[in-house]
Number of protein chains: 2
Amino acid sequence: MARTTGSHSDITGPRIRDAALRLFARHGYAAVSMRQIAGEVGVQAGALYNYIPDKQSLLAELMRDHMVELLEAVPVSAADVPLAQLEAFVRFHIGFHHARPDAVFIAYMELRNLAPENFAEIEDLRGRYEAILEQILRDGAEAGAFDVPDPKIATLAVIAMLTGVTTWFRAGGRLSLQDVQDQYWDMVRKSVSA
Amino acid sequence: MARTTGSHSDITGPRIRDAALRLFARHGYAAVSMRQIAGEVGVQAGALYNYIPDKQSLLAELMRDHMVELLEAVPVSAADVPLAQLEAFVRFHIGFHHARPDAVFIAYMELRNLAPENFAEIEDLRGRYEAILEQILRDGAEAGAFDVPDPKIATLAVIAMLTGVTTWFRAGGRLSLQDVQDQYWDMVRKSVSA
DNA sequence: GATTTATCTGAACGGGCGTTCAAACCCAAG
DNA sequence: CTTGGGTTTGAACGCCCGTTCAGATAAATC
C-alpha cells in the first residue's frame with residue numbers, strides 16, 4: 001500500500017470544500033462551475049471526482065456540515081433561567097454566524113438548489129435549531145418572564161433579525177462585535193419582555 | 001403603419017416578466033434559461049429579444065420595478081407622531097411584501113447576479129427605503145419616545161425581522177395576515193420602546 | 001385585395017456545462 | 001530498483017447556454 005503518508009488527498013479534499021464554499025457564497029451554486037472550483041484548488045476538473053460524487057453532493061455536504069456544527073455549538077443550559085438562556089442564545093447566534101459568513105449565506109440562499117432528499121435533511125436540522133429557541137421562549141412565557149403570545153412566530157422573528165447581522169456587519173467598522181451583540185440583545189430582550 | 005392595435009407586444013411583454021419573476025424566484029436567476037422563460041410564455045427563445053436587450057436587463061428591470069413600487073407605496077405621514085409612523089411602516093412592510101413573495105425573494109437573493117451598474121442602482125433604492133425607517137426611529141429617539149442607541153442598526157434589525165415573514169407566512173394557515181401584523185408590531189414596538 | 005410592418009420561428013453560432021475514463025505520474029514500500 | 005496503487009491529467013461525451021438573424025407569418029391600413 002503505497003502513497004498513504006505523502007498522499008495529497010488529505011490536502012486536496014479540504015481545499016475543494018474551502019474553494020466551493022467561497023465561490024458558492026460569492027456567485028451562487030448554479031453560477032459556479034466545477035472547472036472554477038478546480039481552478040481555485042489548482043487541479044483539473046476531473047480530479048474533483050476523487051473526493052465528491054457530484055456537484056449536488058458537494059453543496060449538500062457543505063450545508064450539512066454547517067448545520068451540524070451549529071447544532072453542536074449552540075449553548076443549552078437548562079439550569080439557567082429563560083432570560084439567561086435567551087441572552088446566551090442571542091449572543092451565540094450572532095457570534096457563530098459572524099465567524100462563518102460564507103456558510104451562513106449558502107445555508108440560507110441555496111436551499112432551493114438542494115435535491116429533495118438533501119433539502120429534507122437540511123430543513124430537519126434547521127428545525128432542530130429553531131426548536132431550541134422556541135423552547136426557551138415557551139419556558140419563559142410559561143414562567144411569566146416573557147410576554148410571547150405565539151412562541152413559533154417569535155422564534156422566526158428573532159432568528160430572522162439576528163441572522164440579518166451577517167448581511168452588513170464586518171469587523172473593523174464603526175462597531176465591534178460586542179457592540180452589535182449588546183444592542184441586538186437589548187432589542188430582543190425588550191421585544192419578548194412582559 | 002400596421003399591427004398597432006392588435007399587436008401581441010402588450011401581451012407578450014408582461015407575460016415574459018411574469019414568467020421570469022416566477023421562475024427566477026423558484027429556481028434562481030442563474031439556474032433559469034431563456035428557453036425556459038420562453039416556454040412558459042409559449043414562444044420561442046428568440047422572440048424574447050423583441051422585449052428585452054438581454055437576460056441581465058430582465059433581472060435588473062424586475063428588481064427595479066419592485067423597488068420603485070415599494071418606494072411609491074410606503075406611507076410617509078410626517079404629521080403623525082413617530083410611534084404611529086412606525087406602526088404604519090411595520091404593517092405596510094408586512095402587507096406589501098406578503099403580496100409579492102416572488103419579487104421579494106428576487107430582490108433579496110439575486111443582488112449578486114446584478115452587473116455592477118445595476119447593483120448600484122438597486123442598492124440606492126434600497127437605501128432610500130431604509131432611510132425612511134431610520135428617520136422615523138431617529139425622530140422618535142430624539143423625541144424620547146424610543147430608546148434606540150443606534151438607529152442604523154435598529155433599522156436593519158427591524159427590516160430583517162419583518163422581511164423574514166415572507167419566508168414562512170402563507171395565507172390560509174393557522175394565522176391571518178392581521179394576526180401576524182399584530183404580533184410583529186407588538187414585538188417591534190417593545191423592542192424600540194424606552 | 002395589396003401592402004406594410006410588428007411579431008415570431010427555427011436554425012445556427014461559439015462556448016461552457018457536469019461527468020467519465022484510460023493513460024500518465026509519482027512516491028512509499030519491499 | 002522495482003513494484004503497486006493513490007492521485008492527477010487531458011481529452012472526450014452529449015447536452016444546454018445566451019444571443020443573433022434571415023425568412024415566414026399575420027393583422028391593420030389603404
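Order of the sequence lines sets the chain letters (A, B, ...), proteins ahead of strands, with each chain counted from 1.
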Worksheet, complete the sentence: By salt bridge (Lys or Arg N to Asp or Glu O under 4.0 Å), A:Asp147 pairs with (sequence neighbours left out) B:Lys190

Rounded distance (Å) that lies between atom [atom2] of [N] and atom [atom1] of [X]:
X: B:Gln56; N: D:dC17; atom1: CD; atom2: C1'; answer: 16 Å
X: A:Ile52; N: C:dT19; atom1: CD1; atom2: P; answer: 7 Å
X: B:Tyr29; N: D:dC17; atom1: OH; atom2: P; answer: 13 Å
X: A:Tyr49; N: C:dG18; atom1: OH; atom2: P; answer: 7 Å

Fill in: Where at least one partner belongs to residues 73-95 of chain B, residue pairs that pass salt bridge (charged side-chain N to carboxylate O under 4.0 Å, His left out), sequence neighbours excluded
B:Glu87-B:Arg91, B:Arg91-B:Asp182

Worksheet, complete the sentence: By ring pair (Phe, Tyr, Trp, His ring centres under 6.0 Å), A:Phe105 pairs with (sequence neighbours left out) none

Worksheet, complete the sentence: Residues passing the ring pair (Phe, Tyr, Trp, His ring centres under 6.0 Å) test with B:Phe169, sequence neighbours excluded, are B:His98

Worksheet item: Within the pair A:Tyr51 and D:dT8, is there a side-chain N or O less than 4.0 Å away from OP1 or OP2?
Response: yes

Worksheet entry | Any B:Thr12 side-chain nitrogen or oxygen under 4.0 Å from OP1 or OP2 of C:dT7 | no

Discussion item. Does anything in residues 16-25 of chain A come within less than 4.0 Å of DNA chain C? Heavy atoms only, and list the residues if so.
Written reply: none

Can you list the residues that meet the side chain to side chain contact (heavy atoms under 4.5 Å, CB included) rule with [X], with sequence neighbours excluded?
X: B:Ala19; answer: B:Arg22, B:Ile37, B:Glu40, B:Val41
X: B:Ala30; answer: A:Ala30, A:Ala31
X: A:Ala115; answer: A:Gln56, A:Glu117, A:Asn118

Discussion item. Ring of B:Phe24, cation from B:Arg26 - is the NZ or CZ under 6.0 Å from the centre and inside 45° of the axis?
Written reply: no

Response to the item:
Protein heavy-atom contacts under 4.0 Å, written 5' to 3' over nucleotides 9-17 of chain C as B (base), S (sugar-phosphate only) or - (none), form the string BB-B----B

